[in-house]
Participant: 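Got a structure for you, written out below as structure tokens; questions coming shortly.
Proteins come first, then strands; the chains are lettered A, B, ... in the order of their sequence lines, and each starts at number 1. Everything numeric here is computed off the predicted structure, so don't read it as measured data.
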Amino acid sequence: MDIVLEAQAPFSLPAVVRSHGWVQLAPFSSSDPYHDFRYVDRLQSGRVVTWDVQPCDGGALLSVGGELSSAEQRETEDKARWVLGLDQDLAPFYDVARQEPRLAKVVENAAGRILRSPTLFEDTVKTILTTNTAWIGTIRMVRSLVDLYGEPSPEDPSRRAFPTPERLAGADVEALRKEARLGYRAPYVHALADRVARGDLDLEALKTADLPTGELRKELLALKGVGAYAAANLLMLLGRTDFIPIDSYALKMVSKEFHGGEPVGPQEVEAAFARWGEWNGMAYWFWEWSGNG
DNA sequence: GGTAGACCTGGACGC
DNA sequence: GCGTCCAGGTCTACC
């Protein structure tokens with residue numbers, strides 16, 4: 001069954017897929033040159049389906065094997081629109097990006113949307129698993145969670161959906177630590193899953209919460225395992241772009257770009273992009289650096 | 001409020 | 001093959 005996902009122009013599916021490394025994290029997959037993607041989704045009904053998302057005129061075309069009920073079709077379309085940020089209006093950002101040569105390619109490539117998971121729960125777990133580890137470690141830890149706890153696709157059991165909060169809450173913390181090899185992050189992921197599964201924390205409500213960004217940031221920082229970097233990363237995924245996810249890469253690039261290689265701290269990173277105001281996270285994310293790092 | 005050290009894994013390196 | 005060192009954010013204890 002095919003679902004046409006109409007996008008507000010300008011839109012580029014490859015630009016979303018290449019917006020960051022999320023497409024390399026299960027249950028996303030893509031083949032070089034990251035032109036399209038696949039995703040294994042568990043519907044509310046419990047049915048597991050695989051999306052195949054390709055570019056098409058005016059947006060993207062999502063195909064799933066077999067037929068979907070009208071409710072499943074609506075659920076899939078809503079999730080896919082969130083994943084691709086199709087309802088985001090980037091015109092105000094493009095207005096400022098046009099004034100900056102280092103952001104010229106954002107406009108030229110119809111970039112600016114950031115690939116995200118269907119649920120904030122999944123993105124929060126993934127973000128926690130990006131901290132204090134090399135990218136290859138994040139890929140491995142997410143892969144392990146999906147392989148060990150994800151619901152298999154009936155068509156191809158080797159493909160699995162991202163585990164539900166209930167499934168991870170029911171997992172043993174030591175198994176998360178030792179078998180999924182999350183290390184010290186295991187209790188953070190388990191506690192998050194447990195709170196969501198018990199209904200103590202409604203993460204998904206934060207997607208549409210009418211909260212000032214500073215308040216939203218406080219909510220995220222209250223989660224164990226989520227510090228300044230992780231909160232800023234999640235805010236970017238939520239479309240709140242006024243904080244920069246400052247990690248060691250940011251420190252290195254700002255040092256090279258603006259300080260002649262001298263060591264810098266978070267204040268220098270913030271100062272380098274402060275003039276972009278509410279868009280400073282976007283300016284940082286899509287900045288065309290002089291070197292490749 | 002600021003800082004030091006622990007947390008955990010995997011890769012790089014030297015022997 | 002083994003041991004050591006290092007990178008990578010966050011938390012906690014301490015000042």
Participant: Applying ring pair (Phe, Tyr, Trp, His ring centres under 6.0 Å) as the test, list every pair that has at least one member in residues 56-112 of chain A; sequence neighbours left out.
Facilitator: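 As it turns out, the ring pair (Phe, Tyr, Trp, His ring centres under 6.0 Å) pairs with a partner in residues 56-112 of chain A, which skip direct neighbours, are A/F93-A/W279.
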Participant: What does the B/S/- profile of nucleotides 3-9 of chain C look like, 5' to 3', with a 4.0 Å heavy-atom cutoff to protein?
Facilitator: -----BB
Participant: Under 4.0 Å between a side-chain nitrogen and a carboxylate oxygen: does that hold for A/R160 and A/D147?
Facilitator: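 Not counted as a salt bridge, because no side-chain N and carboxylate O are separated by less than 4.0 Å.
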Participant: Quick one: side chains of residues 2-16 of chain A, donor-acceptor pairs under 3.5 Å with protein atoms, not counting sequence neighbours, listed by atom name and distance.
Facilitator:
residue, atom, partner, partner atom, Å
A/D2, OD1, A/S63, OG, 2.8
A/S12, OG, A/A15, N, 3.1

Participant: Looking at A/W276 versus A/Y284, is the centre-to-centre ring distance below 6.0 Å?
Facilitator: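 Ring centres of A/Y284 and A/W276 not closer than 6.0 Å.
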Participant: Is it true that A/D52 and A/Q54 share a donor-acceptor pair across their side chains at a distance under 3.5 Å?
Facilitator: yes
Participant: Just to be sure I understand the rule, does A/L223 reach a base, reach only the sugar-phosphate, or reach nothing, if contact means heavy atoms closer than 4.0 Å?
Facilitator: sugar-phosphate
Participant: Would you call the rings of A/Y184 and A/Y188 parallel, tilted or perpendicular, where under 30° means parallel and over 60° means perpendicular?
Facilitator: perpendicular
Participant: Could you work out, with side-chain contact (heavy atoms from CB on, under 4.5 Å) as the rule, every residue matching A/L221, not counting sequence neighbours?
Facilitator: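 Applying side-chain contact (heavy atoms from CB on, under 4.5 Å) to A/L221 gives A/R217, A/A231.
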Participant: On a heavy-atom basis, which atom in A/H190 and which in A/L168 lie closest, and how many Å separate them?
Facilitator: CD2-O, 3.3 Å
Participant: Does a donor on one side chain sit under 3.5 Å from an acceptor on the other, for A/S144 and A/R181?
Facilitator: no
Participant: If every non-hydrogen atom of A/L61 is compared with every non-hydrogen atom of A/C56, which pair is closest and at what distance?
Facilitator: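 Closest heavy-atom pair between A/L61 and A/C56: N-SG, 3.8 Å.
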Participant: Quick one: side chains of residues 193-201 of chain A, donor-acceptor pairs under 3.5 Å with protein atoms, not counting sequence neighbours, listed by atom name and distance.
Facilitator:
residue, atom, partner, partner atom, Å
A/D194, OD2, A/R198, NE, 3.0
A/D194, OD2, A/R198, NH2, 3.4
A/R195, NE, A/D200, OD2, 2.9

Participant: Going by salt bridge (charged side-chain N to carboxylate O under 4.0 Å, His left out), name the residues that satisfy it together with A/R47, two or more places apart in sequence or in a different chain.
Facilitator: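 A/R47 satisfies salt bridge (charged side-chain N to carboxylate O under 4.0 Å, His left out) with A/E72 only.
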Participant: Taking only Lys NZ, Arg NE, NH1 and NH2, and the carboxylate oxygens of Asp or Glu, determine whether A/R102 and A/E257 approach each other closer than 4.0 Å.
Facilitator: yes
Participant: Specify the angle, to 10°, made by the local axes at the two ends of the helix from B/dG1-C/dC15 to B/dC15-C/dG1 when five pairs are taken at each end.
Facilitator: 30°
Participant: Between the protein and nucleotides 12-15 of chain C, list every N/O to N/O distance that falls short of 3.5 Å.
Facilitator:
residue, atom, partner, partner atom, Å
C/dT12, OP1, A/K224, NZ, 2.9
C/dT12, OP2, A/K224, NZ, 3.1

Participant: Does anything in residues 37-66 of chain A form a ring pair (Phe, Tyr, Trp, His ring centres under 6.0 Å)? List the pairs, not counting sequence neighbours.
Facilitator: A/F28-A/F37, A/F28-A/Y39, A/Y39-A/W51
Participant: For DNA chain B, which nucleotides open and close the run of contacts to chain A, 5' to 3', at under 4.0 angstrom from a non-hydrogen atom?
Facilitator: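 So the outermost contacting nucleotides come out as B/dC7 to B/dG10.
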Participant: By the rule that ILVMFWY residues connect when side-chain heavy atoms come within less than 4.5 angstrom, directly or transitively, which residues belong alongside A/V40?
Facilitator: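 Hydrophobic cluster check, A/V40: joined to A/V48.
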Participant: If you take any heavy atom closer than 4.0 Å to DNA chain C, which residues from residues 137-148 of chain A end up in contact?
Facilitator: none
